[in-house]
Amino acid sequence: MVIVGAGFAGLYMLQKLRTAGLRCVVIEAGDDVGGTWYWNRYPGARCDVESVHYSYSFSAELDQEWTWTERYAGQPEILRYLQHVADRFDLRRDIQFSTRVASAAFDEGTLRWDVTTKTGDTYNARFCIMATGCLSTINRPDIAGCADFQGPIYHTGNWPHEKVDFTGLRVGIIGTGSSACQAIPLLANEARELIVLQRTPNHCVPAHNHPLPQDYVEHIKSRYPKLRRKWRESEAGSNYPIGNRSALEVTPHELDLTYQYRWDVGGIPFLTAFDDILLDAAANATAANFVTRKIGDIVIDPEAARRLTPTHHPIGAKRICIVTDYYETFNRDNVRLISVRETPIERILPGGIALVGEHIPLDALIFATGFDTMTGSLMAMDIRGRRGTPLREAWADEPATYLGLMVADFPNMFLITGPGSPSVLSVMTMTIEQHVEWIAECIDTLEREGVDVIEASPEAQREWTDHVHAVANQTLYPAANTWYTNANIEGKRRGFNIYVGGYRDYDQHLERVRRERYAGFILTSQRHSEPASQFPERSAAIPN
Ligand code: NA7
């Protein structure tokens, strides 16, 4: 097996397959484990999902050994956790670090994958498993004059390993997504002057992060097996309380009380205060209005408050930012907010940045401009399936998959949390485990039954992709210009390829497909040189 990537997904896939006695190699571009947590080292980098959720559940011993110290773990702690996992399960010996995959091609003669690295090494494998992550390939817009800038340029998604000291410097930051919103308050503490270049304001909700008290940690640890089971059986894959009323059926007073309560609790559960916030524009507006009022209360300068108020998308249709002191930072004298919609960037100059009508001197520039999400890392490799078809060609219209797990015509290639799965709209660690366990069981079944090849049937792929769209179209997500809809990358085709039916619902699909002997997949046994199982005509139709 070749597994590409040594983040949460690749590490667990390796552990799982190796325990089953299979020979695996993981190929990883970084020089250590961690995936997105290896690269994203910018000041304030922190997960927006609580640490007790955002961790593996597969080992009860690991759950007991590891102690999370904060409600939301910071990047250094998550990286230490993954390093601990790699050591504890002796995973490093099968990981080829500092190696980037250049190409992967399926050989129809041998029914095996040839995986070639950028350094020219080749691996020949029966299965190729892409554990390449959803937010791994950085997006750095090509702004004229970048090469002329005389100071350092950083990207939040590829931050230096050593501390960067901005003391006394004039710093510019482009972008106001989650990464920027976490970094800005800390940068403002250090920089002489911080210029925030904002294209689209986003909704921010306080994290209320805090150290985890020992008695809480002990309580969680004593109940972990039960809790993990409960979270897996829940709709969203977590213990986030989901309101079971419409925001439109309560009084204004009740609305306020409910949102204030969620605001005081902090975090993503703000969005589940009512059950129609992401389904109904009017309900959504009640939540957005509450945040607008909070911005007005916190930000002293009315002009800055106006610029910070999101008007371009429904709340939650772009991932909300979970922050500490973000809005408060704009009350500082050394922070200036510029809307690049109102004052566009003309070019970068050797000593600063030229906006229409103004030149701003800068000593350092930070791109907090996000990622080529969901498909960026896969498209960066030259992946070829049957008849030498490039994945880039197969996905020219959209990244269609069956269940987010496989692509028709790319046999024996699995994706972990690929397009068409719940991925970034679920608790990632849990959906990663769900995919890893499903894939491991699938491979074990194929081994036992002498099946050589598994691949998605084109019909099942079409049906699933249509289903993904149908479910998404019942929500407010697809309408917004966000990285969920690929609108953040110039030239990238718009589309929404995240399954928003919920963790539990998706789990039921996976379970049904497994029970129905991998309905929707074509299983072929070379020995009989004929299909071992065909996609039963319409029997595996996906219920809407
Ligand atoms: P995001 O959320 O994609 O944010 C990127 C930001 O950069 C966003 O404000 C963009 O504005 C801005 N951007 C991108 N390109 C440009 C150009 N050309 N000019 C000006 N501004 C630009 O990335 P993050 O790293 O913050 O977070 C990604 C996810 O990681 C996050 O959602 C969490 O799940 C963890 P836009 O909104 O596109 O107008």
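Whatever order the structure lists them in is the order used to number ligands and atoms, beginning at 1. Just so you know, these numbers come straight off a predicted model, no measurement behind them. Just so you know, these numbers use all the heavy atoms, side chains as well, and skip hydrogens, waters and symmetry mates.
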- [ ] Kindly determine whether Trp68 and Tyr81 satisfy ring pair (Phe, Tyr, Trp, His ring centres under 6.0 Å), including the steps that lead there.
- [x] CA-CA 9 Å; Trp68 292 106; Tyr81 172 73; 4.8 Å; yes

Open item on the list: salt bridge (charged side-chain N to carboxylate O under 4.0 Å, His left out) for Glu433 and Arg228? Distances and angles first, verdict last.
Closed with: CA-CA 12 Å; Glu433 288 189 324; Arg228 296 281 196 197; over 6 Å; no

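Heavy-atom proximity to Thr200, at under 4.0 Å, picks out these atoms of ligand 1: 36 (P), 37 (O), 39 (O). Atoms of ligand 1 lying under 4.0 Å from at least one heavy atom of Pro141, given by number and element, are 15 (N), 16 (C), 17 (C), 18 (N). Against a heavy-atom cut-off of under 4.0 Å, Gly175 is close to the following atoms of ligand 1: 6 (C), 7 (O), 9 (O), 12 (C).
The nearest non-hydrogen atom to atom 34 (O) of ligand 1, considering only Arg319, His313, Arg140, comes from Arg319. Looking at Ala45, Cys47, Gly370, Ala368, it is Ala368 that brings a heavy atom closest to atom 7 (O) of ligand 1. Of the candidates Trp483, Phe367, Tyr42, Trp483 brings a heavy atom nearest to atom 29 (C) of ligand 1. Considering each of Arg46, Arg199, His155, the one bringing a non-hydrogen atom nearest atom 15 (N) of ligand 1 is Arg199.
Although no hydrogens or angles enter the test, the distance criterion places no donor-acceptor pair under 3.5 Å between the side chain of Asn497 and the main chain of Pro419. Side-chain atoms of Asn209 come within 3.5 Å of backbone atoms of Tyr72 as a donor-acceptor pair (strictly under, hydrogens ignored). The backbone N or O of Gly168 sits less than 3.5 Å from a side-chain atom of Arg192, completing a donor-acceptor pair. No donor-acceptor distance shorter than 3.5 angstrom exists from the side chain of Asn284 to the backbone of Pro314, with no hydrogens or angles considered.
The aromatic rings of Phe270 and Phe290 sit tilted relative to each other, their planes meeting at an angle between 30° and 60°. Relative ring orientation between Phe496 and Tyr477 is described as parallel, the plane-to-plane angle staying below 30° on a 0-90° scale split at 30° and 60°.
Remark: minimum distance from atom 4 (O) of ligand 1 to any protein heavy atom is reached at Gly177 CA, 3.4 Å. Looking at atom 35 (C) of ligand 1, its nearest protein heavy atom turns out to be Leu135 CD1, 4.1 Å. Of all protein heavy atoms, the one closest to atom 31 (C) of ligand 1 is Ser178 OG, 3.4 Å. Remark: minimum distance from atom 20 (C) of ligand 1 to any protein heavy atom is reached at Ile174 CG2, 3.6 Å. Of the protein's heavy atoms, Thr176 N, 2.9 Å lies nearest to atom 9 (O) of ligand 1.
Side-chain contact annotation: Glu28 with Tyr38, donor-acceptor N/O pair under 3.5 Å absent.
Note on ligand 1: Thr156 sits outside its first shell, no heavy atom being nearer than 4.0 Å. Using a 4.0 Å heavy-atom cutoff, Lys318 is listed among the residues neighbouring ligand 1.
At a threshold of 4.5 Å between non-hydrogen side-chain atoms, the residues Asn40 and Trp159 do not count as touching.
Heavy atoms from both the backbone and the side chain of Ser179 come within less than 4.0 Å of ligand 1. Proximity of Val424 to ligand 1, defined as any heavy-atom pair under 4.0 Å, is not found for any part of the residue.
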